[in-house]
Amino acid sequence: MHRRFIVPSALAATLLLAIPAAAAPGTVGAPGIGDPYYPASGNGGYDVSHYDLRLKYQPRTDLLEGTATILATTTQELSRFNLDFGLDVSEVRVNGRKARFATSGDHELEVTPAEKPAKGRAVSVVVRYAGKPSELKINGWTAWARTPDGAVAAQEPDSAVWWYPSNDHPLDKATYDISVSVPDGTQAISNGVLQSQSSKLGWTRFNWRSDKPQASYLTTLAVGKFDITTDRTADGLPVLNAYSKDLGANAGAARASIERTTEVAEWLTEVFGPYPYNALGGYVPNVTSGFALETQTRPFYSPKQFANGANVSVVVHEIAHQWYGNSVSVDGWKDIWINEGFARYSQWLWSEKEGEGTAQELADYTYAQHPADDPFWKVKPGDPGPDNQFDIAVYDRGALALQALRNEVGDDTFFELLKGWPAEHAHANANVGDFVRYAERVSGKPLTALFDTWLYQPSRPAAPAAADADLAEAALSARSAARVERPASWKKIAATNTVHDHGDHGHGGRTDRGHAGHENR
């Protein structure tokens with residue numbers, strides 16, 4: 001996974017330069033929202049409630065033209081504020097009046113309103129822009145992938161910078177209307193429900209609406225030529241799946257996996273509670289990447305996820321995120337465990353349901369793969385650091401923590417926790433500490449030591465702690481890997497270890513050390 005655009009030490013100097021000495025204290029919105037992992041992420045001084053994006057995209061030239069209308073409320077008096085954006089801007093208006101604007105850093109659009117909005121005031125910001133997103137590189141990195149017949153915006157923790165201005169951090173979620181005009185014969189896929197489409201003078205416009213709060217990195221756009229299937233769930237939710245017409249040998253396996261999205265979502269409602277959104281689906285564009293992403297209501301899948309055949313486990317992972325990660329979003333990126341640990345554990349639960357290995361058997365096998373000197377145990381899932389945010393330990397050691405919790409509190413309480421958490425924090429944000437306190441309150445048990453052992457200690461939990469987690473006796477030995485039977489589901493689950501391995505492009509990120517070997521054992 002790549003690192004953010006500006007490292008903390010460089011940002012400190014940037015912040016000092018960004019605020020002129022003449023600016024009144026408290027009137028300039030901060031160029032970062034305060035995330036210690038990614039100090040340039042998001043912005044301060046306002047809270048967005050809605051984005052209205054009206055776009056036109058020409059696949060042949062990669063030219064994207066757009067008008068973004070942003071509805072927000074100021075959280076302080078604002079003489080100036082920032083938006084995260086990288087394309088060329090031609091005009092900005094604030095509350096209908098032209099505003100001055102400038103760029104700074106790698107992706108900061110600085111806006112100076114003609115009239116300074118007071119604290120607590122509703123404001124509208126209109127940004128007109130155009131550019132070729134594929135030409136925008138930030139430290140050599142891009143979140144915009146061109147395809148033979150279009151393009152895709154899907155990436156984590158950033159993608160908005162390449163195609164619309166935003167407050168680019170999960171702390172500021174908003175609803176979306178996304179209207180995209182593309183050449184006739186081409187489709188535009190986005191989040192939520194397709195409200196309408198119409199054609200005129202060789203162009204077709206698709207109007208999408210996502211009506212529940214959505215983090216900017218969970219917003220997606222895919223333009224191309226797709227085979228589209230539609231359906232409705234038993235509860236009447238619209239289901240839309242889209243497949244590039246040129247997936248080659250992976251086409252059948254992709255469809256065989258993603259067409260089970262409704263089945264997976266219905267099962268997950270039994271585990272996590274009511275599905276939190278008004279639409280369901282997934283899409284597979286013709287991209288060369290290998291990752292998948294839980295883009296809200298409509299996850300993105302790379303064709304390579306299905307190179308070895310159908311894999312419903314990756315669908316389980318991404319649909320689980322609709323509760324854990326999308327509805328309940330992180331307070332900061334250090335809290336990634338409350339996304340990825342639970343999504344991985346959902347794969348273990350699916351294995352249990354399918355009779356291919358219980359979660360306990362998967363925990364035993366996972367523990368056995370990593371002797372005490374394995375760097376796997378150096379990563380702390382509760383605060384892994386930006387370089388290890390998507391390390392396999394966040395997923396697998398994160399799931400081990402949940403198995404330890406399940407064994408400590410018992411199945412009845414554990415599954416009550418899994419349903420209660422997304423209900424209590426629906427469409428909001430939370431951190432790891434919030435979950436620990438929640439689990440203690442619901443279970444009535446002191447759990448801080450358990451979570452500290454499994455999420456924060458940079459070492460393999462010793463035999464007593466492992467025994468308390470009911471790990472198999474054979475798994476406690478440093479040489480036990482060969483003696484712990486591999487569950488039948490292991491290979492399919494291990495094949496999704498690259499689910500968020502988005503490539504590091506020289507910026508750090510996880511390496512999945514040794515996991516190809518696990519697939520082949």
Would you say [X] has more than 12 foreign heavy atoms packed within less than 6.0 Å of its [atom1]?
{"X": "Asp411", "atom1": "CG", "value": "yes"}
{"X": "Lys378", "atom1": "NZ", "value": "no"}
{"X": "Lys119", "atom1": "NZ", "value": "no"}

Next on the checklist: Does Trp337 form a ring-ring contact (aromatic ring centres under 6.0 Å, His included) with Phe435? I'd like the steps, not just the answer.
Outcome noted: CA-CA 10 Å; Trp337 171 74; Phe435 184 84; 5.7 Å; yes
Can you find a heavy atom in the side chain of [X] that is under 4.5 Å from one in the side chain of [Y]?
{"X": "Val312", "Y": "Glu263", "value": "no"}
{"X": "Val48", "Y": "Thr73", "value": "no"}
{"X": "Ser257", "Y": "Val315", "value": "yes"}
{"X": "Leu417", "Y": "Leu405", "value": "yes"}

Checklist entry - After noting the C-alpha distance and the side-chain angles of Glu352 and Arg406, does the key distance pass the salt bridge (charged side-chain N to carboxylate O under 4.0 Å, His left out) rule? => result CA-CA 14 Å; Glu352 199 166 277; Arg406 180 179 177 179; 3.1 Å; yes
What pairs with [X] under side chain to side chain donor-acceptor pair (under 3.5 Å), at least two apart in sequence or on another chain?
{"X": "Asp452", "result": "Gln457"}
{"X": "Asp235", "result": "none"}
{"X": "Ser302", "result": "Ser289"}

Checklist entry - Who pairs with Thr448 by side chain to side chain contact (heavy atoms under 4.5 Å, CB included), at least two apart in sequence or on another chain? => result Val436, Glu440
Item to check | Test side chain to side chain contact (heavy atoms under 4.5 Å, CB included) applied to Thr219 - qualifying residues, sequence neighbours left out | outcome: Trp163, Tyr164, Tyr176, Ile178, Asn191, Gln214
Next on the checklist: Set out, in order, the CA-CA distance, both residues' side-chain angles and the distance that settles salt bridge (charged side-chain N to carboxylate O under 4.0 Å, His left out) for Lys380 and Asp383, then state yes or no.
Outcome noted: CA-CA 6 Å; Lys380 299 178 289 185; Asp383 188 0; 5.8 Å; no
Kindly give the heavy-atom pair with the smallest separation between [X] and [Y], and that separation in Å.
{"X": "Ser41", "Y": "Asp168", "answer": "OG-O, 2.8 Å"}
{"X": "Asn82", "Y": "Pro31", "answer": "ND2-CB, 3.3 Å"}
{"X": "Pro461", "Y": "Trp377", "answer": "CD-CZ3, 3.4 Å"}
{"X": "Phe85", "Y": "Val161", "answer": "CD1-O, 3.5 Å"}
{"X": "Thr453", "Y": "Ala465", "answer": "CG2-CB, 3.9 Å"}

Can you list, pair by pair, the side-chain donor-acceptor contacts under 3.5 Å of residues 264-276, counting residues two or more places apart and other chains?
{"from": "Thr269", "atom 1": "OG1", "to": "Glu266", "atom 2": "O", "distance (Å)": "2.5"}
{"from": "Tyr275", "atom 1": "OH", "to": "Ala279", "atom 2": "O", "distance (Å)": "2.6"}

Next on the checklist: Go through it in stages, so that I can follow the logic: the residues are His317 and Glu340, the test is side chain to side chain donor-acceptor pair (under 3.5 Å), and I'd like the CA-CA distance, side-chain angles, deciding distance and then a yes or no.
Outcome noted: CA-CA 9 Å; His317 186 104; Glu340 301 302 347; 3.2 Å; yes
Checklist entry - Are the aromatic rings of Tyr301 and Phe291 close, with centres under 6.0 Å apart? => result no
Checklist entry - Can you check salt bridge (charged side-chain N to carboxylate O under 4.0 Å, His left out) on Arg460 and Asp374, steps first, answer last? => result CA-CA 8 Å; Arg460 191 185 203 226; Asp374 191 327; over 6 Å; no
Checklist entry - After noting the C-alpha distance and the side-chain angles of Val239 and Thr233, does the key distance pass the side-chain contact (heavy atoms from CB on, under 4.5 Å) rule? => result CA-CA 7 Å; Val239 183; Thr233 67; 3.7 Å; yes
Checklist entry - Between Trp333 and Tyr217, is a ring-ring contact (aromatic ring centres under 6.0 Å, His included) present by the stated rule, with each step listed? => result CA-CA 12 Å; Trp333 284 109; Tyr217 83 96; 5.1 Å; yes
Checklist outcome for this item: The side chain to side chain donor-acceptor pair (under 3.5 Å) partner of Tyr283 among Asn241, Thr295, Thr220 is Thr220
Checklist entry - Should the pair Arg397 and Tyr367 be classed as cation-pi, given the thresholds of under 6.0 Å to the six-membered ring centre and 45° from the axis? => result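 So Arg397 doesn't make the cation-pi contact.
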Checklist entry - Just checking, any donor-acceptor pair under 3.5 angstrom between side chains of Gln403 and Gln360? => result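 There is such a pair (donor and acceptor under 3.5 Å, judged by atom type) between the side chains of Gln403 and Gln360.
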Checklist entry - So, Ser313 and Trp350: side-chain donor and acceptor under 3.5 Å apart, yes or no? => result no
